[in-house]
Amino acid sequence: MRLEILLTAAFFFGGSCLTGYALRRLLRLGQEGFLFSIVAGVMCWWALMEMILVPMTMALASFTGFVTVYTILVLGCVFAGCFCRKEILADAKQAAGAAREYITPGHAAAFGLILWQLYFIHHHMYLEWDDTYYVNLANEAVQSDLIYWIYPETGAIADFDKRYVLSLWPIFYAWLSKLTGILPTIMAHTVLPWLIIPLAGMVYELIGRRLFPKDRQLQGMFLAMAVLLHLFMSGEHIAGITFLSLTPWVGKGVLAGILIPSLFYWILRTAESEERGLWILLGITCLGGCLLSSMGILLSPLFVGVTAGLAGIRKKSPQYLLKGALSCLPCVLLGIYYIYLTH
């Protein structure tokens with residue numbers, strides 16, 4: 001299983017990094033580094049899945065058909081990133097030149113805490129009762145070749161539950177299962193934590209760099225504190241801050257632990273530099289949040305609307321508020337469609 005974890009992680013982080021470089025070139029974003037590219041690439045993957053998965057689910061397409069279409073598009077994005085050699089080499093040289101700066105006591109503590117998170121969830125796994133629905137949804141997709149037509153708790157053929165049909169996060173690790181041959185339950189409980197928890201650390205590192213651009217020590221302390229909060233600062237197993245340490249395969253946990261912090265990072269970036277590419281990345285992240293949980297359809301535009309509104313007032317820029325509203329448009333459209341489905 002260690003080999004399977006390593007290979008899946010290499011594909012996930014390597015592929016998303018190359019996708020991020022292709023996206024950066026397309027959006028004309030400058031030298032941002034490897035972490036930025038990985039986070040941007042993952043958000044692109046999730047947004048792309050949401051764009052394809054919703055219409056294919058409504059059309060009652062087969063899971064195999066979805067895997068084929070989505071894999072071709074993802075590999076196309078990865079292949080496009082292979083042509084960004086100049087950007088990759090420039091980031092590699094910059095990272096190598098500043099290697100000593102990255103080693104601080106705070107970063108060492110954060111790295112140790114992340115390893116403890118991974119050790120804890122591997123040896124003391126908490127099985128959420130929602131697994132009977134969500135993880136089985138992935139199992140049924142692989143076994144029956146139907147995206148969302150079999151009720152996962154009973155195995156009976158039934159109409160899809162309209163509460164979840166727009167946010168089928170389990171299909172993401174069902175897709176990984178199909179590619180790797182690992183059973184979806186094992187993918188969710190054993191492999192996925194090694195993707196989600198390090199990804200969360202990357203997002204918090206990016207936020208720390210933006211909050212404390214000139215103090216590497218404070219960046220490390222911020223990262224260590226962020227990981228510490230996820231580990232010890234909540235006694236409820238259903239609290240968003242705890243999900244990342246207990247059940248990182250649950251969509252609403254990924255929403256709370258990764259997606260919303262990513263939105264915060266993009267808001268920080270757009271508040272400093274209103275580049276068109278950053279606004280597009282904000283919109284892509286909002287769309288990716290819709291895949292994770294139906295709450296993402298509401299919380300993503302709510303978070304962006306409030307923060308962009310406050311930033312717009314501070315900057316005295318109605319145009320900033322308008323761009324923030326446009327970035328939430330995918331969530332608004334899906335929200336309207338959700339109301340149509342349920343009423």
Side-chain angles (χ1 to χ4, degrees), residues 5-54 56 66-92 94-95 168-169 171-180 187 191-192 194-203 205-206 251 254-255 258-259 261-263 265-266 269 275-292 296 300 327 330:
I5 292 173
L6 287 173
L7 291 176
T8 307
F11 168 71
F12 179 76
F13 290 113
S16 59
C17 185
L18 289 173
T19 301
Y21 274 102
L23 193 61
R24 277 174 47 187
R25 175 175 286 189
L26 181 65
L27 300 179
R28 297 181 180 179
L29 294 173
Q31 194 170 349
E32 297 284 355
F34 291 113
L35 296 187
F36 181 99
S37 300
I38 290 173
V39 173
V42 171
M43 297 306 152
C44 182
W45 280 17
W46 291 349
L48 185 62
M49 175 168 281
E50 180 71 359
M51 287 178 61
I52 298 169
L53 188 56
V54 170
M56 293 192 73
F66 163 76
V67 169
T68 301
V69 172
Y70 183 64
T71 303
I72 290 172
L73 291 175
V74 165
L75 291 179
C77 294
V78 173
F79 183 71
C82 295
F83 292 96
C84 302
R85 291 186 295 272
K86 291 182 179 180
E87 293 89 339
I88 295 172
L89 289 175
D91 286 341
Q94 183 182 20
L168 295 178
W169 162 248
I171 300 299
F172 180 75
Y173 51 84
W175 170 68
L176 289 174
S177 299
K178 192 73 171 179
L179 294 183
T180 60
M187 176 62 68
V191 180
L192 206 62
W194 293 84
L195 310 182
I196 298 301
I197 291 175
L199 179 62
M202 295 178 189
V203 174
E205 169 65 13
L206 289 174
V254 182
L255 177 72
I258 295 178
L259 198 285
S262 298
L263 291 175
Y265 175 71
W266 301 131
R269 293 296 308 272
E275 296 181 57
R276 184 178 62 178
L278 294 173
W279 285 111
I280 294 175
L281 277 174
L282 182 63
I284 289 172
T285 305
C286 285
L287 180 57
C290 299
L291 172 72
L292 302 176
S300 296
S327 67

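Residues Ile196 and Ile258 form a side-chain contact, since some pair of their non-hydrogen atoms from C-beta on lies under 4.5 Å apart. Between Val254 and Phe172, the closest side-chain pair of non-hydrogen atoms is not below 4.5 Å. For the pair Phe66/Met49, a side-chain contact is recorded, criterion being any heavy-atom separation below 4.5 Å from C-beta on. Side chains of Asp91 and Gln31 form a contact here, defined as non-hydrogen atoms less than 4.5 Å apart. Annotation: side chain of Leu281 is in contact with side chain of Leu29 (closest heavy-atom distance under 4.5 Å). Inter-residue side-chain proximity for Met43 and Leu259 is flagged as met; some heavy-atom pair is nearer than 4.5 Å. Inter-residue side-chain proximity for Phe11 and Thr180 is flagged as unmet; no heavy-atom pair is nearer than 4.5 Å.
Remark: Thr285 pairs with Trp266 by the side-chain hydrogen bond (donor to acceptor under 3.5 Å, both in side chains) rule, at least two apart or across chains. Looking at residues two or more places apart in sequence or on another chain, you find a side chain to side chain contact (heavy atoms under 4.5 Å, CB included) between Ser327 and Leu282, Val304. The side chain to side chain contact (heavy atoms under 4.5 Å, CB included) test applied to Trp194 returns Ile5, Leu118, not counting sequence neighbours. Listed by chain and residue number, Thr8, Ala9, Phe12, Phe13, Leu176, Leu192 satisfy the side chain to side chain contact (heavy atoms under 4.5 Å, CB included) test with Leu195 (two or more places apart in sequence, or in another chain). Partners of Glu32 by side chain to side chain contact (heavy atoms under 4.5 Å, CB included), not counting sequence neighbours, listed by chain and number: Arg24, Phe36, Arg269.
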Please report, to 0.1 Å, the donor-acceptor pairs under 3.5 Å made by any side chain of residues 69-89, with sequence neighbours excluded.
unit_1 : atom_1 : unit_2 : atom_2 : d
Tyr70  : OH     : Trp45  : O      : 2.7
Thr71  : OG1    : Val67  : O      : 2.5
Thr71  : OG1    : Trp175 : NE1    : 2.8
Glu87  : OE1    : Arg25  : NH2    : 3.1
Glu87  : OE2    : Arg25  : NE     : 3.1
Glu87  : OE2    : Arg25  : NH2    : 3.1

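Counting only residues at least two apart or in different chains, salt bridge (charged side-chain N to carboxylate O under 4.0 Å, His left out) contacts with residues 68-81 are absent. Listed by first and then second residue, the salt bridge (charged side-chain N to carboxylate O under 4.0 Å, His left out) pairs involving residues 194-203 amount to none (not counting sequence neighbours).
With rounding to the nearest 0.5 angstrom, the CD1 atom of Ile171 is 11.5 Å from the NZ atom of Lys178. From Met51, atom CE reaches atom SG of Cys44 across 9.5 Å, with rounding to the nearest 0.5 Å. With rounding to the nearest 0.5 angstrom, the CZ atom of Arg276 is 6.5 Å from the CZ atom of Arg28.
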Fill in: Worked verdict on Leu23 versus Ile280 for side-chain contact (heavy atoms from CB on, under 4.5 Å)
CA-CA 10 Å; Leu23 193 61; Ile280 294 175; over 6 Å; no
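The shortest non-hydrogen separation linking Ser300 to Cys286 is OG-O, 4.2 Å. Of all non-hydrogen atoms in Cys17 and Ile38, the two that sit nearest each other are CB-CG1, 3.6 Å.
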